[in-house]
Each structure stands twice: as C-alpha cells, then as structure tokens.
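Here's the structure we're looking at; comments come further down.
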Amino acid sequence: MKVGVIGTGLMGRPMAVKLQQAGYEVIAYNRSAEKLQPLADVGIAIASSPLEVLSSSECTVLMLTDRAAIAETILSQAAISGLSGRTIIQMGTIAPEDSKEIAREVVEAGGNYLEAPVLGSIPQVKDGTLLLMVGASKDEFQRWLPLLQTFGPEPLYLGPVGSGAMVKLAMNQLIGSLTTAFALSLHVIQQEGIDIEAFMQLLRQSALYAPTFDKKLQRMLDSNYSNPNFPVKHLLKDSNLFLRVAEQMQLDASLISGVTQVLQTACDRGYMDEDYSALFEGVFIREF
C-alpha cells in the first residue's frame with residue numbers, strides 16, 4: 001500500500017520512516033523542501049506538490065501545525081481534486097471544531113477523514129509506542145487500525161471526529177500545567193537554597209509525583225533546552241487552543257491562561273524553538 005505523509009518536521013519525518021520500515025511504500029511532501037532530504041536519503045519518494053501525494057496514495061497522514069497549514073496544502077484549489085476516493089489521517093494537534101470542519105470539506109470533495117493525534121515524541125515514534133487518540137466512524141477506525149498500529153500498539157477509539165482532538169488538547173493542557181507548576185516549585189527551592197535532590201526525593205515518594213518532573217529536571221537546572229522533542233511555540237499554540245475551548249464551555253480558564261502567559265514570556269525571551277522545559281525561563285516576571 002502506498003501512504004502519503006504531508007508535514008515532515010520533528011514528528012512527521014520519523015513517522016514517515018516508521019511507515020517505510022513497516023513495509024508501506026511512502027511518498028512525502030513538506031512545504032520547506034530542505035526537510036525532505038533526510039527522507040530521500042533513506043529511499044522515500046519525494047513529491048513536488050500536495051496533489052501528487054494525494055493522488056498517488058490510498059491514504060495520506062497529515063502532521064501539520066494547524067488548520068491554516070492543512071488548508072494551504074490539501075484544501076487548496078490546486079490540491080483538493082486529489083481527495084476524491086482517498087483517506088486523510090490527521091495526526092497533528094488542532095481544535096476539535098477545526099477538525100470537524102476539515103472533515104466536512106474532505107468528505108464534500110469525495111474523500112474520507114479520521115483524526116488520530118498522538119501523545120509522545122520522537123523516541124516513541126521510533127519505538128512504535130505512541131498513544132493514539134482516534135476520532136472517526138467505527139468503520140474507518142477498523143479499516144485503518146493496522147496502519148495506526150505502526151505508531152502505537154493500542155490506538156484508542158474515542159468516538160466521532162472531534163473526540164480525539166478534544167482529548168489531545170486535554171492531554172497537552174496537562175503537559176503545560178504540570179510542567180509550569182513544577183518549574184515554580186523548583187524556582188522557590190533554588191532561591192531558598194534548599195537541597196534540590198532532597199526535595200526531589202520527597203516528591204518522588206509522594207502522590208504528587210509525575211515522571212515528567214524528572215525528565216525535565218536536568219534541562220531546567222542546566223538551562224539546556226536544545227534538541228527539542230516538543231518546542232515551546234507548539235505548546236503555546238496548543239495551550240491557546242485549549243484556552244479557547246475552555247472559554248467556549250464557560251469554564252474558569254484562569255489556570256491555563258497563566259500557563260499560556262508563562263509560555264509566551266519564554267517565547268518572547270528567545271526560547272520559542274527550544275524544548276518546552278524552557279518555560280522555566282518564563283516563570284520570572286522580569287529577566288535578571
């Protein structure tokens with residue numbers, strides 16, 4: 001089976017390779033052509049346009065930043081004819097309403113659509129241990145389950161389109177909130193001169209502990225945010241999406257509003273392309 005991949009950034013590139021390793025014939029496209037060379041080097045076909053990917057593949061995996069990027073690629077006048085008789089598997093993080101609207105446009109063009117955003121990063125892509133949150137019809141879920149299992153052993157069916165996108169935003173809200181809360185605690189421990197390992201020893205033994213704290217601890221202590229698996233700018237985008245959804249539901253979104261401000265400050269201070277643990281640098285109200 002020939003599978004297209006559109007969007008070959010941090011996640012899309014290893015996902016394309018994973019599909020190839022699983023025996024699929026892969027063709028890839030990216031708006032920034034330089035990101036395609038590593039795929040060409042391992043024998044993956046490179047397309048010159050989104051239409052070429054869509055028209056030559058039974059299904060196409062999207063790993064794009066947002067709705068605007070998706071519209072620019074597969075829903076443009078130049079590409080939309082390629083959707084007829086094809087399936088789109090949208091695996092990026094976008095708003096539930098945006099996912100539903102994209103699904104409607106894909107179906108109107110004669111195609112099929114399912115969303116399958118993922119939790120995890122590059123190491124989990126390579127290991128095939130991503131957590132997949134699927135929103136689709138049950139028939140589409142069953143049809144594409146073998147392909148989805150390339151990325152994770154147990155893709156979870158959550159309901160119709162929009163369900164997977166909503167759960168993904170809920171998960172990413174926790175990423176931002178937990179990491180910001182940990183960064184605040186770590187700052188006060190540092191500034192008070194308390195032994196950090198003693199603090200961590202207590203934290204690890206408590207019900208408050210989350211493994212992400214240890215994953216990000218050394219990065220924060222060393223101010224080493226290079227080689228990100230998930231950059232600050234993407235978590236900021238997702239946090240803003242969650243904030244919009246929470247406000248639409250008339251929920252008190254002051255917590256995530258504060259997290260979003262911390263992320264924005266980190267971006268403003270030059271960390272937008274760094275690992276999201278750099279929100280540690282956005283906790284200070286002012287720079288020192």
Side-chain angles (χ1 to χ4, degrees), residues 1-9 11-13 15-16 19 24-33 35-36 39 44-118 132-148 150-151 155 157-169 237 241 244-245:
M1 179 191 300
K2 196 167 190 177
V3 177
V5 177
I6 295 180
T8 59
M11 291 289 282
R13 185 164 60 194
M15 291 173 78
L19 286 165
Y24 293 100
E25 185 181 356
V26 181
I27 182 170
Y29 172 81
N30 194 76
R31 290 174 297 167
S32 300
K35 293 183 179 180
L36 291 164
L39 297 180
I44 289 175
I46 304 303
S48 60
S49 68
L51 178 60
E52 183 181 352
V53 175
L54 295 172
S55 61
S56 63
S57 307
E58 192 171 336
C59 80
T60 295
V61 170
L62 302 184
M63 204 46 148
L64 295 165
T65 306
D66 52 26
R67 193 208 186 287
I70 293 171
E72 182 183 328
T73 51
I74 68 165
L75 300 177
S76 68
Q77 287 299 314
I80 199 165
S81 63
L83 291 170
S84 181
R86 304 295 195 265
T87 296
I88 296 296
I89 304 179
Q90 200 296 113
M91 302 189 77
T93 304
I94 61 175
E97 289 306 312
D98 287 341
S99 190
K100 293 175 185 177
E101 178 62 20
I102 294 165
R104 183 188 65 77
E105 294 183 55
V106 169
V107 170
E108 285 183 354
N112 299 300
Y113 178 93
L114 64 156
E115 60 187 16
V118 301
L132 280 73
M133 296 152 270
V134 185
S137 69
K138 288 186 177 180
D139 287 345
E140 286 297 306
F141 173 67
Q142 289 298 328
R143 179 185 176 191
W144 295 106
L145 181 58
L147 185 147
L148 296 175
T150 301
F151 303 117
Y157 177 73
L158 294 164
V161 169
S163 303
M166 187 67 80
V167 172
K168 182 58 164 61
L169 285 186
K237 181 263 294 183
L241 289 177
R244 189 175 82 195
V245 168

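Numbers for residues simply follow the sequence, beginning at 1. Atom set for the values below is all heavy atoms of this structure, side chains included, hydrogens, waters and symmetry mates excluded. Because the structure is predicted, anything quoted here is derived from the model rather than measured.
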Q) Where do M11 and M91 land on the side chain to side chain contact (heavy atoms under 4.5 Å, CB included) test, with the steps shown first? A) CA-CA 10 Å; M11 291 289 282; M91 302 189 77; over 6 Å; no
Q: Output all residues satisfying ring-ring contact (aromatic ring centres under 6.0 Å, His included) with Y24, sequence neighbours left out; order by chain, then residue number.
A: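 Partners of Y24 under the ring-ring contact (aromatic ring centres under 6.0 Å, His included) test: none.
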**Q.** Given N30, T8, L36, the one that forms side chain to side chain contact (heavy atoms under 4.5 Å, CB included) with I46
**A.**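 Testing each of N30, T8, L36 against I46, the sole residue satisfying side chain to side chain contact (heavy atoms under 4.5 Å, CB included) is L36.
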Q) Under the side chain to side chain contact (heavy atoms under 4.5 Å, CB included) test, which residues partner S84, sequence neighbours left out? A)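 Here no residue qualifies.
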Q. Who passes side chain to side chain contact (heavy atoms under 4.5 Å, CB included) against S81, sequence neighbours left out?
A.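 Partners of S81 by the side chain to side chain contact (heavy atoms under 4.5 Å, CB included) criterion, ordered by chain and then number, come out as L51.
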Report yes if the side chains of [X] and [Y] come closer than 4.5 Å at any heavy-atom pair, otherwise no.
X    : Y    : answer
F151 : V118 : no
I80  : L54  : no
I70  : Q90  : yes
S57  : V3   : no
V106 : N112 : no
I102 : I94  : yes

Q: Kindly state each residue pair satisfying salt bridge (Lys or Arg N to Asp or Glu O under 4.0 Å) with at least one member in residues 54-63, sequence neighbours excluded.
A: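 Listed once each, the pairs are E58-R143.
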Q: If a pair satisfies salt bridge (Lys or Arg N to Asp or Glu O under 4.0 Å) and one of its residues is in residues 89-98, list it, with sequence neighbours excluded.
A: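 Applying salt bridge (Lys or Arg N to Asp or Glu O under 4.0 Å) to every pair that reaches into residues 89-98, excluding sequence neighbours, yields E97-K100, D98-R244.
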Q) Short question: side chain of R13, backbone of L39 - any donor-acceptor pair under 3.5 Å? A)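 Not at all, since once roles are kept as given, no pair shorter than 3.5 Å links the two residues.
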Q: Answer yes or no: is there a donor N or O on one side and an acceptor on the other, between the side chain of E25 and the main chain of I27, under 3.5 Å?
A: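 Checking the backbone N and O of I27 against the side chain of E25, no donor-acceptor pair under 3.5 Å is found.
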Nearest 0.5 Å, what's the [atom1]-[atom2] distance between [X] and [Y]?
X    : Y    : atom1 : atom2 : result
M166 : L241 : CE    : CG    : 11.0 Å
L83  : I74  : CG    : CD1   : 5.5 Å
F141 : L158 : CZ    : CG    : 9.0 Å
R86  : S56  : CZ    : OG    : 7.5 Å

Q. Between K237 and T93, does a side chain to side chain contact (heavy atoms under 4.5 Å, CB included) hold up when you go through it step by step?
A. CA-CA 9 Å; K237 181 263 294 183; T93 304; 3.9 Å; yes
Could you pull out the closest heavy-atom pair between [X] and [Y], with the gap in Å?
X    : Y    : answer
L145 : P155 : CD1-CG, 3.8 Å
I89  : A116 : CG2-CB, 4.2 Å
L148 : L132 : O-CD2, 3.6 Å
A136 : Y157 : O-OH, 2.8 Å
V245 : P96  : CG2-CD, 4.2 Å
V53  : G4   : CG1-CA, 3.5 Å

Partners of [X] by side-chain hydrogen bond (donor to acceptor under 3.5 Å, both in side chains), sequence neighbours excluded?
X    : result
E108 : R104
E115 : S99
S32  : none

Q) Passes side chain to side chain contact (heavy atoms under 4.5 Å, CB included), Y29 versus E52? Steps please. A) CA-CA 9 Å; Y29 172 81; E52 183 181 352; over 6 Å; no
Q) Passes side chain to side chain contact (heavy atoms under 4.5 Å, CB included), E140 versus T87? Steps please. A) CA-CA 9 Å; E140 286 297 306; T87 296; 4.0 Å; yes
Q) Can you list the residues that meet the salt bridge (Lys or Arg N to Asp or Glu O under 4.0 Å) rule with K35, with sequence neighbours excluded? A)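 With sequence neighbours excluded, K35 shows a salt bridge (Lys or Arg N to Asp or Glu O under 4.0 Å) to no residue whatsoever.
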**Q.** Pairs touching residues 60-73 that satisfy side-chain hydrogen bond (donor to acceptor under 3.5 Å, both in side chains), sequence neighbours left out
**A.**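 Qualifying pairs, neighbours excluded: R31-E72, R67-E105.
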